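As the structure is a computational prediction, the values presented were derived from the model and not from experiment.
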Amino acid sequence: RLVAHAHLISDTPRYGNARDWFDTAAARRKPTLLVCAAFDELHRADAWARCRADDRTFRLRTLAVNHALLCQHLDCLRLDLDAAAWHAEGAAEPHSRL
């Protein structure tokens, strides 16, 4: 009876984006780093990533944690130090506007 009340995730929330956004030309023009939790209860990043697996502008980083743990400790990954995550290869160094 408990299983009958469970709501299992079968798709990823899109937050207003088209279902195939990751596979569009606009998405492929931007270098993308997708960080996801292997045991995510809310999102299915593997479904997003399939279409970009061989794309040189795309990187996938999967961590063996759940959604809450990844969100709470995302700063520990120090993504701010990974220039390739934010800029196309060969692009100019980032400059702060602050």
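For His67, the side-chain hydrogen bond (donor to acceptor under 3.5 Å, both in side chains) partners at least two apart in sequence or on another chain are Asp40. Applying the salt bridge (Lys or Arg N to Asp or Glu O under 4.0 Å) criterion to Arg78, with sequence neighbours excluded, gives Asp80. With sequence neighbours excluded, no residue forms a side-chain hydrogen bond (donor to acceptor under 3.5 Å, both in side chains) with Arg61.
Atom CG of Asp55 sits about 12.0 Å away from atom CG of Leu60, to the nearest 0.5 Å. Between the CG atom in Leu69 and the CG atom in Leu63 there is a gap of 9.5 Å [rounded to 0.5 Å]. Atom OG1 of Thr62 is separated from atom CZ of Phe39 by 10.5 Å, given to the nearest 0.5 angstrom.
A 4.5 Å side-chain heavy-atom check between Arg29 and Thr24 finds every atom pair outside the cut-off. Between Phe22 and Thr32, the closest side-chain pair of non-hydrogen atoms falls below 4.5 Å. Inter-residue side-chain proximity for Arg59 and Leu34 is flagged as unmet; no heavy-atom pair is nearer than 4.5 Å.
Of all the heavy atoms in Ala64 and Ala38, the pair that sits closest is CA-CB, 4.1 Å.
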Handout entry: Test log, rule salt bridge (charged side-chain N to carboxylate O under 4.0 Å, His left out), inputs Arg28 and Asp23
Key = CA-CA 7 Å; Arg28 291 179 185 278; Asp23 200 20; 2.5 Å; yes
